[in-house]
Amino acid sequence: MQLIPFDNREGFIWMNGSVLQWNQAKIHVLNHGLHYGSCVFEGIRVYNRKIFKLREHIERLFFSAKILDLDIPYKHEELIEFTELIVKKQNIEDGYIRPVVWRGSEMMAISSKEASINIAIAAWKWPSYFSPEKILRGINMSIAEWKRPPPECAPTNSKAAGLYMICSLSKHKAESKGFDDALMLDYRNFIAEATGANIFFKDDQGGLHTPIPDSFLDGITRREVIKIAKRKGIKVFERKIKPEEMKNFVGCFLTGTAAEVTPVSQINDYEFKVCNVISDLNDSYQSLVRKDTAA
């Protein structure tokens with residue numbers, strides 16, 4: 001299948017207060033966000049023309065921007081309205097939304113406080129992150145060489161673009177070896193997350209174990225799945241997990257806006273079953289996202 005480049009598609013993008021033709025939404029090569037990582041973003045899903053947890057994602061966008069000293073020149077309600085506008089204009093039934101905030105090109109230096117703060121919102125039709133076949137049988141993962149940094153060395157509680165560099169490197173390495181994704185450890189060698197999703201393990205008693213998000217993002221999907229599990233009477237243990245503990249778990253899955261609830265069948269030499277508990281959580285999550293409203 002031939003991929004359509006993202007800079008050469010049809011449709012519209014909202015950018016800095018205006019709706020532009022898709023291929024007219026451009027920035028200069030000497031913008032601060034590209035060179036120095038002064039950029040934050042969100043990933044949001046649309047299901048049956050309804051935007052899932054839009055307000056929570058916009059609130060997190062503002063939170064991330066504040067951490068990176070980016071003062072978004074709009075109010076929360078305005079960005080919610082603009083997001084709904086571009087989804088409607090793009091006629092998205094099931095798809096993905098990418099709001100992004102970055103510092104402009106007025107200054108090219110480490111210190112660039114006087115540069116403009118720019119924001120754009122794009123939306124496009126998008127299928128599942130992994131193929132239905134892989135979701136059915138579970139994806140396979142390697143363990144990455146790169147590790148999540150400590151919070152005193154990077155803004156790990158933000159969705160900052162620069163934090164994803166090691167994720168791309170880790171996923172590229174995994175794919176080159178025939179894996180679908182990579183498991184990342186934290187700076188203390190505890191299990192952290194996948195390259196773009198949080199991770200859960202199931203024990204032989206039916207309980208779920210997931211790492212404490214103290215050096216990586218506490219995903220909105222992660223929180224929703226924990227709520228679903230607890231409503232079903234499933235015990236959820238948020239704790240530090242050593243890699244060698246994986247031999248004691250019978251199931252594993254990822255959660256995220258893109259990944260949704262994705263079973264994992266293998267991490268290096270550790271093997272897991274796509275069990276009924278994971279399938280049931282996925283079914284419940286799918287029901288939730290398709291009945292949620294954009295408000």
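One is the number of the first residue; the rest follow in order along the sequence.
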Asks: Quick check: are there more than 12 heavy atoms from other residues, nucleotides or ligands sitting under 6.0 Å from CE of Met108?
Replies: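 Enclosed.
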Asks: Is the shortest distance from a Lys or Arg side-chain nitrogen in Arg60 or Asp218 to a carboxylate oxygen in the other one below 4.0 Å?
Replies: no
Asks: For residues 96-119, pull every pair meeting ring-ring contact (aromatic ring centres under 6.0 Å, His included), keeping only residues two or more places apart or in separate chains.
Replies: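 Residue pairs passing ring-ring contact (aromatic ring centres under 6.0 Å, His included), neighbours aside: Tyr96-Trp124, Tyr96-Trp126.
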Asks: What about Ile86 and Ile92, same hydrophobic cluster or not, with Ile/Leu/Val/Met/Phe/Trp/Tyr joined at side-chain heavy-atom distances under 4.5 Å?
Replies: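 Yes, it is one cluster - the side chains of Ile86 and Ile92 are joined through contacts under 4.5 Å.
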Asks: With His209, which residues qualify under ring-ring contact (aromatic ring centres under 6.0 Å, His included), at least two apart?
Replies: Phe237, Phe249
Asks: Would you say the side-chain atoms of Lys171 pair up with the backbone N or O of Asp180, donor to acceptor, closer than 3.5 Å?
Replies: yes
Asks: For Thr210 and Arg239, what are the C-alpha separation, side-chain angles and deciding distance, and is it a side-chain contact (heavy atoms from CB on, under 4.5 Å)?
Replies: CA-CA 6 Å; Thr210 188; Arg239 64 181 183 85; over 6 Å; no
Asks: Ignoring hydrogens and geometry, is there a side-chain-to-backbone donor-acceptor pair from Asn198 to Leu217 under 3.5 Å?
Replies: yes
Asks: Would Ile119 and Leu79 count as a side-chain contact (heavy atoms from CB on, under 4.5 Å) here? Give the steps.
Replies: CA-CA 10 Å; Ile119 181 167; Leu79 289 194; 3.4 Å; yes
Asks: Taking side chain as C-beta onward, heavy atoms only, is Met246 less than 4.5 Å from Ile191?
Replies: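 In contact.
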Asks: Short question: side chain of Asp203, backbone of Gln205 - any donor-acceptor pair under 3.5 Å?
Replies: yes
Asks: Closest heavy-atom contact between Thr195 and Met184?
Replies: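 Heavy atoms only, the tightest pair is CA-SD, 4.2 Å.
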Asks: Following the transitive rule for hydrophobic clusters with a side-chain heavy-atom cut-off under 4.5 Å over Ile, Leu, Val, Met, Phe, Trp and Tyr, establish whether Phe272 and Leu185 coincide in one cluster.
Replies: yes
Asks: Just checking, any donor-acceptor pair under 3.5 angstrom between side chains of Lys125 and Asn91?
Replies: no
Asks: One thing to verify: whether Glu56 and Arg223 come together as a salt bridge, which I'm taking to mean a side-chain N less than 4.0 angstrom from a carboxylate O.
Replies: no
Asks: Give me the atom names and distance for the closest heavy-atom approach of Leu288 to Ile228.
Replies: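 That would be CD2-CD1, 4.1 Å.
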Asks: Please name all residues satisfying ring-ring contact (aromatic ring centres under 6.0 Å, His included) with Phe82, sequence neighbours left out, ordered by chain then number.
Replies: Trp14, Tyr74
Asks: Between atom CD1 of Ile72 and atom NZ of Lys66, what is the distance when rounded to the nearest 0.5 Å?
Replies: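 One finds 12.0 Å between CD1 of Ile72 and NZ of Lys66.
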Asks: Parallel under 30°, tilted from 30 to 60°, perpendicular over 60°: which one fits the rings of Tyr47 and Phe52?
Replies: perpendicular
Asks: Which value, rounded to the nearest 0.5 Å, describes the distance between Ile241 atom CD1 and Asn248 atom CG?
Replies: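 Between Ile241 CD1 and Asn248 CG, I get 11.0 Å after rounding to 0.5 Å.
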Asks: Do any N or O atoms from the side chain of Lys247 and from the backbone of Glu244 form a donor-acceptor pair under 3.5 angstrom?
Replies: yes
Asks: Salt bridge check: are Lys227 and Glu224 linked by an N-O gap of less than 4.0 Å?
Replies: yes
Asks: Side-chain contact, heavy-atom cut-off 4.5 Å: Asn118 with Val101?
Replies: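 Asn118 does not reach Val101 side chain to side chain.
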Asks: Do Ile58 and Ile220 belong together in a cluster built from hydrophobic side chains that touch within less than 4.5 Å?
Replies: no
Asks: Look at the side chain of Arg148 and the backbone N and O of Glu193, then say whether any donor-acceptor pair between them is shorter than 3.5 Å.
Replies: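 The answer is no, because no donor-acceptor pair under 3.5 Å joins these two groups.
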Asks: Decide, yes or no, whether a salt bridge links Lys113 with Glu106 under the criterion of side-chain N to carboxylate O below 4.0 Å.
Replies: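 Not counted as a salt bridge, because no side-chain N and carboxylate O are separated by less than 4.0 Å.
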Asks: Any non-hydrogen side-chain atom of Pro151 less than 4.5 Å from a side-chain atom of Tyr187?
Replies: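 When only atoms from C-beta onward are counted, Tyr187 and Pro151 do touch, with a gap below 4.5 Å.
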Asks: Does the side chain of Glu42 come within less than 4.5 Å of Lys159's, by heavy atoms?
Replies: yes
Asks: What distance separates Ser158 OG from Phe63 CZ, expressed to the nearest 0.5 Å?
Replies: 8.0 Å
Asks: Quick one: is the NZ or CZ of Lys89 closer than 6.0 Å to the six-membered ring centre of Phe12, and within 45° of its axis?
Replies: yes
Asks: Of all heavy-atom pairs between Ala197 and Leu254, which one has the smallest distance, and what is that distance?
Replies: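 Closest heavy-atom pair between Ala197 and Leu254: CB-CB, 4.0 Å.
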Asks: Can a donor-acceptor pair be found, under 3.5 Å and without considering hydrogens, that links the side chain of Gln90 to the backbone of Ala123?
Replies: yes
Asks: When you measure from the side chain of Thr221 to the backbone of Thr257, do you find a donor-acceptor pair of N or O atoms at a distance under 3.5 Å?
Replies: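 Such a contact is found between Thr221 side chain and Thr257 backbone.
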Asks: Between the side chain of Glu245 and the main-chain N/O of Lys242, is any donor-acceptor distance below 3.5 Å?
Replies: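 Yes, because the side chain of Glu245 sits within donor-acceptor range (under 3.5 Å) of the backbone of Lys242.
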Asks: Is Ile67 close to Asn157 at the side-chain level, that is, under 4.5 Å between some pair of heavy atoms?
Replies: yes
Asks: Would you call Asp280-Lys232 a salt bridge at under 4.0 Å N-O?
Replies: yes
Asks: Measure the spacing between NZ of Lys53 and CZ of Arg55 and express it to the nearest 0.5 Å.
Replies: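 Here the rounded value is 11.5 Å.
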Asks: Just so I know, are the side chains of His76 and Glu59 near enough to count as touching, which here means a heavy-atom distance under 4.5 Å?
Replies: yes
Asks: So do the side chains of Pro211 and Phe216 get within less than 4.5 Å of each other, counting heavy atoms only?
Replies: yes
Asks: Where the side chain of Ser142 meets the backbone of Ala182, is there a donor-acceptor pair that is under 3.5 Å apart?
Replies: no
Asks: Please check: side-chain N/O of Trp22 versus main-chain N/O of Phe6, any donor-acceptor pairing under 3.5 Å?
Replies: yes
Asks: Determine, step by step, whether Ile199 and Ile267 satisfy the side-chain contact (heavy atoms from CB on, under 4.5 Å) criterion, reporting the C-alpha distance in whole Å, the side-chain angles of both residues, the deciding distance to 0.1 Å, and the verdict.
Replies: CA-CA 12 Å; Ile199 193 165; Ile267 301 177; 4.1 Å; yes
Asks: Restricting to non-hydrogen atoms, name the atom on Ser112 and the atom on Arg103 that form the minimum distance, rounded to 0.1 Å.
Replies: O-CD, 3.2 Å
Asks: Check Pro149 against Ser215 and note the closest heavy-atom contact, atom names and distance.
Replies: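 In this case the closest contact between Pro149 and Ser215 is O-CB, 3.6 Å.
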Asks: With the side chain counted from C-beta on, respond yes when Lys273 and Val250 share a heavy-atom pair under 4.5 Å apart, and no when they do not.
Replies: no
Asks: Distance from Leu183 atom CG to Ser170 atom OG, nearest 0.5 Å?
Replies: 10.0 Å
Asks: How close do Pro150 and Thr156 get, counting heavy atoms only, and between which atoms?
Replies: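 Looking at all heavy atoms of both residues, the shortest contact is O-CG2, 4.1 Å.
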Asks: With a 4.5 Å cut-off on side-chain heavy-atom distances among I, L, V, M, F, W and Y, is there a chain of contacts connecting Tyr285 to Ile278?
Replies: yes
Asks: In sequence, state the C-alpha distance, the side-chain angles, and the governing distance for Leu208 and Leu281, and then conclude on side-chain contact (heavy atoms from CB on, under 4.5 Å).
Replies: CA-CA 11 Å; Leu208 297 181; Leu281 286 171; 3.8 Å; yes
Asks: Is there a path of hydrophobic side-chain contacts, each under 4.5 Å between heavy atoms of I/L/V/M/F/W/Y residues, joining Val261 to Val236?
Replies: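 Linked, Val236 and Val261 end up in one cluster.
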Asks: Would you find more than 12 non-hydrogen atoms of other residues, nucleotides or ligands less than 6.0 Å from Glu145 atom CD?
Replies: no
Asks: Nearest 0.5 Å, what's the CD1-CG distance between Ile80 and Leu54?
Replies: 5.0 Å
Asks: Cut-off 3.5 Å, side chains only: do Ser265 and Asn140 have a donor facing an acceptor?
Replies: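 No, no side-chain donor-acceptor pair sits under 3.5 Å.
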Asks: Would you find more than 12 non-hydrogen atoms of other residues, nucleotides or ligands less than 6.0 Å from Glu152 atom CD?
Replies: yes
